[in-house]
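Single-structure report; data block below.
FYI, side chains are in, hydrogens and waters are out, and symmetry mates aren't considered; it's all heavy atoms of this structure. Please read these numbers as outputs of a predicted model, since none were measured by experiment.
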Amino acid sequence: MNNFRKLQVRVYALAFVTYFGFYVSREPYSLVKSTLLKTWAPFNSTNGWILLGILDTVNLAAYAIGIFIVGWLCEKYDSLHVLVIGCFGAGLTTILYGMADFWNIHNYWYFIIIRVLNGLFEAGGWPTLIKMLDFYFHMEATRDFLLTAFGSCKFLGMVVGSIISSIGLSFKEWGYCFIACGMVIIVIGVVDIFFLPNLPPGSQSPSERQPILQGGENSEIDSYNVDFEVDESTNYSVVITALQLPGIIEYSMNLFFIKLGVYVFYYWLPVWFISLTLNGSIVTVVDACWYTAAWASGGILGSLSIGLGVQITKRYATFDSVYSLLSAAFIFGVYKYGNSDHALIIYFLVFLLIIGLLQMGPYALTSACMPSVLNGVADSHTHHEWKEKQKLVGMATGIVDGVGSVGAVFGPFTGAIILQYSPYGWSLVFIVVGVAMLLASTTLIRQVYFDIQKTFRTEE
């Protein structure tokens with residue numbers, strides 16, 4: 001193994017562990033909700049659902065804003081420094097949230113401020129790590145699988161965070177969950193200081209050195225050739241041109257609905273578990289942590305399976321659409337089974353594992369592999385001008401991620417409103433999530449058609 005290959009292995013491993021740590025630190029926020037709703041003012045009031053929903057919303061909004069700030073900081077300062085500050089800040093704010101338990105803090109503004117700061121610091125993870133991975137792995141033949149597999153660190157973090165939280169809650173003090181999970185990301189930040197290579201400010205990314213999109217030279221769909229005139233003097237014209245690129249609107253709406261569905265579950269599924277009776281026993285808060293871990297474990301399998309599938313076939317839209325469609329069926333099924341009188345734990349866990357696989361596989365694919373996804377669209381459309389205008393690739397990826405973030409913001413608050421005001425409660429929540437995944441599947445119908453066309457052309 002040559003020196004550069006060893007460096008790649010170190011970067012990938014540390015990047016994986018680092019973002020895993022970010023998700024460990026996020027996990028307690030959803031797992032302690034049922035405890036806060038029962039025992040902790042002001043959340044044990046009649047409008048407790050809304051108060052918790054607002055906390056989720058401001059956190060995700062701060063995260064979305066933080067993404068833009070971090071992107072700018074990475075161009076001005078060392079990416080490693082930005083990343084480490086994010087690790088320390090995310091860990092500290094998580095610990096401070098948990099200290100409200102021991103300091104007997106019930107002021108709602110304290111929780112609001114902590115959640116806003118936490119969202120800003122959490123944003124220090126994804127952009128910096130993806131930039132590092134893009135820098136070191138841009139020419140790898142297995143890039144699709146590597147990036148999608150990297151997305152599985154989120155779900156592994158959720159699993160470990162759930163286990164840590166279950167141990168913390170067994171001590172009857174919810175604050176321990178936050179302290180333990182916050183310490184994880186702080187320790188990882190210290191490790192990064194000593195072992196993660198620097199990526200200097202203004203480093204020329206591979207996307208600037210090498211064409212990201214390698215369109216098919218023998219493609220025959222000439223009717224989709226479009227020439228775009230881009231006035232690079234204004235960002236506005238670049239945005240408008242990026243919006244005209246084939247597939248951008250479809251993938252943007254696809255990620256919007258996927259994130260809406262995933263984030264409703266991410267923030268509220270543990271609370272639903274508490275309302276169930278399995279094997280004749282009422283589910284406890286600790287049990288809910290383990291069921292959440294089962295759902296997240298499915299996400300790991302989903303990331304790996306869909307990553308391997310697209311690495312072999314390059315049929316991004318087909319895998320995304322099929323996974324999303326099947327997840328909707330299982331989402332409706334698990335609600336009906338979980339609320340039945342004779343639900344058994346073993347079958348319930350299998351349901352959760354399959355849902356995690358089918359629901360979060362497309363999430364990992366679309367969020368981690370957008371340049372490759374856009375490459376697949378380019379192959380289908382023979383879009384030569386797109387390949388020549390590399391700036392549009394970054395803008396298009398940003399548009400897809402931005403629209404997806406809007407779905408993430410709306411998801412948890414939608415769940416809170418339903419649970420607070422709707423007489424249909426959890427049944428309506430599951431309908432919303434199931435319909436969101438159905439819509440995510442249907443947004444890519446045209447792209448699936450192009451995948452099929454490409455398959456037949458290859459066979460000919």
Notebook entry, point to check: Below 4.5 Å, heavy atoms only, C-beta onward: do C87 and F22 meet side chain to side chain?
Noted result: yes
Next item on the list: Evaluate the side-chain proximity of V409 to S405: yes if any heavy-atom separation is below 4.5 Å, no if none is.
Entry: no
Checklist line | Separation between CG of N254 and CG of D320, rounded to the nearest 0.5 Å | finding: 4.0 Å
Notebook entry, point to check: Could you go step by step and tell me if Q359 and V433 meet the side-chain contact (heavy atoms from CB on, under 4.5 Å) rule?
Noted result: CA-CA 10 Å; Q359 187 181 27; V433 175; 3.7 Å; yes
Next item on the list: Determine, step by step, whether M132 and S79 satisfy the side-chain contact (heavy atoms from CB on, under 4.5 Å) criterion, reporting the C-alpha distance in whole Å, the side-chain angles of both residues, the deciding distance to 0.1 Å, and the verdict.
Entry: CA-CA 8 Å; M132 291 179 181; S79 297; 4.1 Å; yes
Next item on the list: Please examine the side chains of F273 and L352, heavy atoms only from C-beta on, and report whether any two atoms are closer than 4.5 Å.
Entry: yes
Note to self: Do L60 and P412 make a side-chain contact, defined as non-hydrogen atoms from C-beta onward lying under 4.5 Å apart?
What the structure shows: yes
Check: Under 6.0 Å from the CZ atom of F68, do we count more than 12 heavy atoms belonging to anything else shown?
Finding: no
Next item on the list: Given side-chain contact (heavy atoms from CB on, under 4.5 Å), test L52 with W268 step by step and report yes or no.
Entry: CA-CA 10 Å; L52 288 172; W268 292 111; 4.1 Å; yes
Notebook entry, point to check: Looking just at side-chain N and O atoms, do S162 and T292 make a donor-acceptor pair shorter than 3.5 Å?
Noted result: no
Notebook entry, point to check: Quick one: which of L83, L14, V11 gives a side-chain contact (heavy atoms from CB on, under 4.5 Å) with L129?
Noted result: L83
Item checked: Cationic N near anionic O, under 4.0 Å, D56 to R115 -> yes
Show me the donor-acceptor pairs, under 3.5 Å and distance only, between side chains in residues 175-197 and residues at least two apart or in other chains.
| from | atom 1 | to | atom 2 | distance (Å) |
| --- | --- | --- | --- | --- |
| D192 | OD1 | T18 | OG1 | 3.2 |
| D192 | OD2 | T18 | OG1 | 2.8 |

Check: Under 3.5 Å, is there a donor-acceptor pair between the side chain of D451 and the main chain of T318?
Finding: yes
Checklist line | Side chain to side chain, V70 and W126, heavy atoms closer than 4.5 Å | finding: no
Notebook entry, point to check: Which heavy atom of W174 sits nearest a heavy atom of G98, and at what distance?
Noted result: CZ3-CA, 4.0 Å
Next item on the list: Could you tell me whether F410 atom CZ has more than 12 heavy atoms of other residues or ligands within 6.0 Å of it?
Entry: no
Checklist line | Any donor-acceptor N or O pair under 3.5 Å, side chains Y23, E27 | finding: no
Next item on the list: Look at the side chain of S441 and the backbone N and O of S321, then say whether any donor-acceptor pair between them is shorter than 3.5 Å.
Entry: yes
Next item on the list: Would you confirm whether Y316, through its side chain, and T366, through its main-chain N or O, come within 3.5 Å as a donor-acceptor pair?
Entry: no
Next item on the list: Would you indicate whether F330, at its atom CZ, is surrounded by more than 12 heavy atoms from other residues, nucleotides or ligands within a distance under 6.0 Å?
Entry: no
Notebook entry, point to check: Do R315 and V310 come within less than 4.5 Å of each other through their side chains, counting heavy atoms only?
Noted result: no
Next item on the list: Assess the side chains of Y251 and T443: does a donor N or O sit below 3.5 Å from an acceptor N or O?
Entry: no
Check: So, the side chain of R26 versus the backbone of V24: is there a donor-acceptor pair under 3.5 Å, distance only?
Finding: no
Margin query: Do I331 and M437 make a side-chain contact, defined as non-hydrogen atoms from C-beta onward lying under 4.5 Å apart?
Written below: yes
Notebook entry, point to check: Among side-chain atoms of E122 and S25, is any donor-acceptor pair under 3.5 angstrom?
Noted result: yes
Distance-only donor-acceptor hits, side chain of residues 258-267, under 3.5 Å, sequence neighbours excluded:
| from | atom 1 | to | atom 2 | distance (Å) |
| --- | --- | --- | --- | --- |
| Y263 | OH | Y363 | OH | 3.2 |

Notebook entry, point to check: With a 4.5 Å heavy-atom cut-off, do C289 and L169 have their side chains touching?
Noted result: yes
Next item on the list: Could you walk me through whether F430 and F332 pass ring-ring contact (aromatic ring centres under 6.0 Å, His included), step by step?
Entry: CA-CA 7 Å; F430 274 78; F332 295 133; 8.7 Å; no
Note to self: Evaluate I54 against I112 for side-chain contact (heavy atoms from CB on, under 4.5 Å), listing each step before the verdict.
What the structure shows: CA-CA 8 Å; I54 291 173; I112 286 281; 4.0 Å; yes
